2 protein chains.
Amino acid sequence: MPSDTKSRIQAVARELFVQQGVQNTSLRQISDRLGITKPALYYHFASRDDLVRSIVEPLVEDIERFAATRGPGDARVLLEDYFELIWRHREVIVMMVRDLSALGYLDLGERMFGWRRQIIALLFGDEPTTAQRIRATVALGGMSDCAVEFADLPLNEVKPTAVEAAAAALALP
Amino acid sequence: MPSDTKSRIQAVARELFVQQGVQNTSLRQISDRLGITKPALYYHFASRDDLVRSIVEPLVEDIERFAATRGPGDARVLLEDYFELIWRHREVIVMMVRDLSALGYLDLGERMFGWRRQIIALLFGDEPTTAQRIRATVALGGMSDCAVEFADLPLNEVKPTAVEAAAAALALP
DNA sequence: GTCTATAGTGGGATAGAC
DNA sequence: GTCTATCCCACTATAGAC
């Protein structure tokens, strides 16, 4: 029954963060919309950063599990599963990429770089050539852009073509 | 002779913005590094936003000219020229994408959407199918990511493969 | 063209009552 | 769990002397 106050705070905060950016959203705005006062937030979260972190965490955990638990396998299936992963989290991804510098304390820049390297390793092995890394960047970055730009379309109108384009960028057979 | 104070302010500001984000950089930091005081900046720029705008402007003008003055032509050449365009501006693009929400007052989100639509029109005509728009997003977004992620490599080590991957994503012959 | 001094604002955060 | 009241801080911006 996660409709307690803590969850409601997170829901409102996520909505405001996505709409207008993390930096542009104050605790005041969040508490106002909930009909409570600013200090009340501090009963549920130790700090503003703590609140932001709690919203980004599910995405981070999902991606890290994806990159860590997967073995080498069919590249096309990997692209499909990766697309579904970022599609599930596309709202938080919008929030993240639009405000990366505001989330600097989470080291997201560095960590994203690490995730991508792991996925490239699944595609091309531990020592990919520069050309392979470039192709993988077009493929993975392009799919991310699709999940963001076509966020309002149904998944099955976007995924097949996005995966097809990414596979072509990778020069998959 | 653009080594006057105004240009030096812009150079220092751009460097700090790229390094640590726009929102995370204060006028104080900029003036300190220049060895002048904060109010001195206001002699050269009407406001903080005005300074930021002056740094983003060259990129915006270049892209808008690119999208506006070009006719339909060879798609691969278009990809090549587009890549060189974003490569030239990759530092400011890093700054922009890492802090999009801080630049909300410049309407960059909306305008980027418009630029991309114009370039897609050059590739696929005025009424592209959804599939064409998805493929174009993978191609153009993927190339942008490359310009950012491989910013330290020489152009001719990145461009050929990035363009090749983008062309494949578009399903070009 | 640059300074000193300061106004004015808004944010995050805490103390302590209820 | 939520409130009132308040602190402290950093920032943008302006006024006015030099």
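Owing to the predicted nature of the structure, the values given are computational and were not obtained by experimental measurement. Every chain is numbered from 1 and lettered A, B, ... according to where its sequence line falls, protein lines coming before strand lines.
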Looking at [X], I'd like to know whether one of its side-chain N or O atoms comes within less than 4.0 Å of OP1 or OP2 on [N].
X: A:Tyr42; N: C:dA13; answer: yes
X: B:Ser31; N: C:dC3; answer: no
X: B:Arg28; N: D:dC11; answer: no

In whole Å, what is the span from the [atom1] atom of [X] to the [atom2] atom of [N]?
X: A:Ile36; N: D:dC3; atom1: CD1; atom2: P; result: 6 Å
X: A:Arg48; N: C:dG12; atom1: CZ; atom2: P; result: 5 Å
X: A:Leu34; N: D:dG1; atom1: CG; atom2: P; result: 15 Å
X: A:Tyr43; N: C:dT14; atom1: OH; atom2: C1'; result: 16 Å
X: B:Leu27; N: C:dT2; atom1: CG; atom2: P; result: 15 Å
X: B:Phe45; N: D:dA13; atom1: CZ; atom2: P; result: 13 Å
X: B:Asp4; N: C:dG1; atom1: CG; atom2: P; result: 9 Å
X: B:Gln23; N: C:dG10; atom1: CD; atom2: P; result: 16 Å

Linking I/L/V/M/F/W/Y whenever any side-chain heavy atoms sit under 4.5 Å apart, do A:Ile63 and A:Phe83 land together?
yes
Looking at A:Arg133 and B:Glu149, is there a salt bridge between them, counting it only when a charged N and a carboxylate O are closer than 4.0 Å?
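Looking at A:Arg133 together with B:Glu149, the answer is no, because their closest N to O distance does not fall below 4.0 Å.
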So that I can tick it off, tell me whether A:Arg76 and A:Glu164 are bridged by a salt bridge, with the cut-off set at under 4.0 angstrom between side-chain N and carboxylate O.
yes
Measuring only between side-chain heavy atoms, which start at C-beta, is A:Arg33 closer than 4.5 Å to A:Glu15?
yes
Under 4.0 Å, counting only non-hydrogen atoms across every strand here, what does B:Thr37 touch: a base, just sugar-phosphate, or nothing?
base
Checking contacts here: which listed nucleotide (C:dT14, C:dT2, D:dT2) is nearest the side-chain heavy atoms of A:Thr5?
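The listed nucleotide nearest to A:Thr5's side chain is D:dT2.
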Of A:Ala46 and A:Ser26, whose nearest nucleotide on DNA chain C comes first from the 5' end?
A:Ser26
With rounding to the nearest 0.5 Å, note down the distance linking CG in A:Leu51 to OG1 in A:Thr25.
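Reported value, rounded in 0.5 Å steps: 10.0 Å.
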